[in-house]
Trainee: 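The structure follows.
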Protein chains: 2
Amino acid sequence: MNDEPSTRDRLVQAATRLFRQRGYDGTGLTEILTEAGVPKGSLYHHFPDGKADLACAAADWTASEIIRVIDDSFRTAPDWRHGVTTFCYKMAKLFDILESADACPIFGLLFEGPDQDRFRAQAEHSFDRIIAAATRYGEGLGLTHEAAHDAAETFIIGFQGSWTLARTRRKSDVLRGLPARLYGPLTA
Amino acid sequence: MNDEPSTRDRLVQAATRLFRQRGYDGTGLTEILTEAGVPKGSLYHHFPDGKADLACAAADWTASEIIRVIDDSFRTAPDWRHGVTTFCYKMAKLFDILESADACPIFGLLFEGPDQDRFRAQAEHSFDRIIAAATRYGEGLGLTHEAAHDAAETFIIGFQGSWTLARTRRKSDVLRGLPARLYGPLTA
DNA sequence: CCGCCAATAGACCGTTTGGTCTAGTAACAC
DNA sequence: GTGTTACTAGACCAAACGGTCTATTGGCGG
């Protein structure tokens, strides 16, 4: 029973949380190190390029978490709208747990830092993974590949915008209301 | 003919651009000062709280710019969809001019910095101004207040998400495709 | 026991940060 | 002229930054 997460994992998770709260440039290395309970030497052992490497790892980890939620939401969904709705409700719950303070978990920690294009590329990659995951479920529900991809993009675009608005207002309702915005009110 | 912008305006505009490119914490005061050609003393004369004040002024200024584009797009629009479409095309053009590098002009510079709640409140205010502007045009086009407000929110949520995706991909198409996503393909 | 290497530990460094403070200047009132 | 106010100008500072470097530890193969 090895329930202690590895040093590397503790770093990535602490970094993810802090970047989400304060942004890349707003978070100091010392802060991450303290939070993770890890000395500086270990950071540069696991991530030779330091902060930038850590940010990319954090982005990757976040994308995987999102995909896990997508899986949980769509695996048993009878149709596309149900999958989207479940996802939105799960994320609204997460939003409330986070006390409305954090950036959108998908994009929060990207687009900053000196190394602009590296981060942009990492964001694009994470985004594509997420959209691809959703697309697969759309196909499984009978949509053509093109239709599924389009639906997945619309879904993620709407989610991204909704999270941002929810954050400015500190109200998770916006997230729960997304399916009705995208697909119209439920017909009895 | 006083075509020289005031010291204050030069500061706000330089700050707006830099914050949009590198974020709040990513931008140094020196950088802003150099860009604006203004010494430090003047900054703290016009903005006693320094960087934070400047950021709020920049957010306000940006919101006004966005509302100007909304005005230009909706004033002569025959219906809601036309207004949204014109807005999206104008913003796509802006996106291309900015070389795809910048954050969403609506939200780019918010949500960072030590003073979390002040910035959040400023973002909420700017957001509301923009949604209110769009809502007014919706009412003018015959929608009830509630319907117009809802349409405006959906529009801005979609725009926000689209800009983010456009930025990760460095392609403005996503912006131009938004109306079709929201309102379906054009019927002949 | 030794040798080896991954990993830990944190002192240390040069740079840059946002912010303060004193001095100087231009315009107007009287 | 003098006084006053609004603004410009930039030297200066303590603190924090990301990153480097040396030393040490722990565990496994031999």
Side-chain angles (χ1 to χ4, degrees), chain A residues 1-19 21-59 109-119 122, chain B residues 1-2 4-59 109-119 122:
Chain A
M1 226 16 111
N2 183 7
D3 50 2
E4 279 290 301
S6 70
T7 299
R8 191 180 188 281
D9 287 349
R10 268 183 297 142
L11 275 171
V12 172
Q13 286 169 40
T16 301
R17 186 153 30 95
L18 287 166
F19 285 153
Q21 285 172 4
R22 313 196 218 295
Y24 180 80
D25 290 298
T27 307
L29 277 190
T30 321
E31 212 174 349
I32 301 174
L33 262 9
T34 306
E35 176 103 2
V38 162
K40 213 169 245 192
S42 302
L43 167 64
Y44 283 89
H45 173 76
H46 293 289
F47 302 95
D49 272 351
K51 206 184 184 184
D53 268 359
L54 190 49
C56 286
L109 49 80
L110 300 159
F111 298 137
E112 282 185 71
D115 210 344
Q116 293 215 0
D117 204 62
R118 176 174 179 193
F119 283 13
Q122 174 70 56
Chain B
M1 233 348 132
N2 183 7
E4 279 291 302
S6 72
T7 299
R8 192 180 187 283
D9 287 351
R10 268 183 298 140
L11 274 172
V12 172
Q13 285 169 41
T16 302
R17 187 152 30 93
L18 287 167
F19 284 152
R20 212 158 48 201
Q21 285 172 3
R22 313 194 216 297
Y24 180 81
D25 290 298
T27 307
L29 276 190
T30 321
E31 213 174 349
I32 301 174
L33 262 11
T34 306
E35 176 103 3
V38 161
K40 210 168 247 192
S42 302
L43 167 64
Y44 283 89
H45 174 76
H46 293 288
F47 302 95
D49 272 352
K51 206 185 184 184
D53 267 0
L54 190 50
C56 287
L109 49 81
L110 300 160
F111 298 136
E112 282 185 72
D115 210 345
Q116 294 215 1
D117 204 62
R118 176 172 180 195
F119 283 13
Q122 174 70 55

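Just so it is clear, the structure is predicted and the values come from calculations on it, not from any experiment. Chain letters run A, B, ... following the sequence lines, proteins first and then strands; every chain starts at 1.
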Trainee: Show the nearest heavy-atom pair for residues Tyr24(A) and Ala52(A), with the distance to one decimal.
Mentor: OH-N, 3.4 Å
Trainee: Under a 4.0 Å heavy-atom cut-off, which of residues 35-46 of chain B touch DNA chain C?
Mentor: Lys40(B), Tyr44(B)
Trainee: Going 5' to 3' along DNA chain C, which are the first and last nucleotides with any atom under 4.0 Å from a heavy atom of chain A?
Mentor: dA6(C) to dA11(C)
Trainee: Please give me the minimum heavy-atom distance between Ala36(A) and Arg10(A), naming the atom from each residue.
Mentor: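 Taking every non-hydrogen atom into account, O-NH1, 2.9 Å.
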Trainee: Please identify the 5'-most and 3'-most nucleotides of DNA chain D with any atom under 4.0 angstrom from a heavy atom of chain A.
Mentor: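 First-to-last contact on DNA chain D, by the 4.0 Å heavy-atom rule, is dC17(D) to dT20(D).
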Trainee: For a 4.5 angstrom cut-off between non-hydrogen side-chain atoms, does Thr27(B) reach Arg20(B)?
Mentor: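 No, every pair of side-chain atoms sits at 4.5 Å or beyond.
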Trainee: How is Ser6(A) classified with respect to the nucleic acid when contacts are heavy atoms under 4.0 Å: base, sugar-phosphate, or nothing?
Mentor: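 Counting heavy atoms under 4.0 Å across all strands, no contact is made by Ser6(A).
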Trainee: Between Asp9(A) and His46(A), is any pair of side-chain heavy atoms under 4.5 Å apart?
Mentor: no
Trainee: Using 0.5 Å steps for rounding, measure from the OG1 atom of Thr30(B) to the NZ atom of Lys40(B).
Mentor: 5.0 Å
Trainee: Find out whether Thr34(A) and Glu31(A) are in side-chain contact, i.e. whether some heavy atom of one side chain is under 4.5 Å from a heavy atom of the other.
Mentor: no
Trainee: For the atom pair CZ (Arg17(B)) and CZ (Arg22(B)), what is the distance rounded to the nearest 0.5 Å?
Mentor: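 Here the interatomic distance stands at 9.5 Å.
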Trainee: Please name the residue in the list Leu43(A), Thr16(A), Asp49(A) that meets the side-chain contact (heavy atoms from CB on, under 4.5 Å) test with Leu54(A).
Mentor: Leu43(A)
Trainee: Are Ile32(B) and Phe19(B) packed together at the side-chain level, in the sense that at least one heavy-atom pair is separated by less than 4.5 angstrom?
Mentor: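 A side-chain contact under 4.5 Å exists here.
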Trainee: Please lay out, stage by stage, how Gln21(A) and Leu18(A) fare under the test side chain to side chain contact (heavy atoms under 4.5 Å, CB included).
Mentor: CA-CA 5 Å; Gln21(A) 285 172 4; Leu18(A) 287 166; 4.2 Å; yes
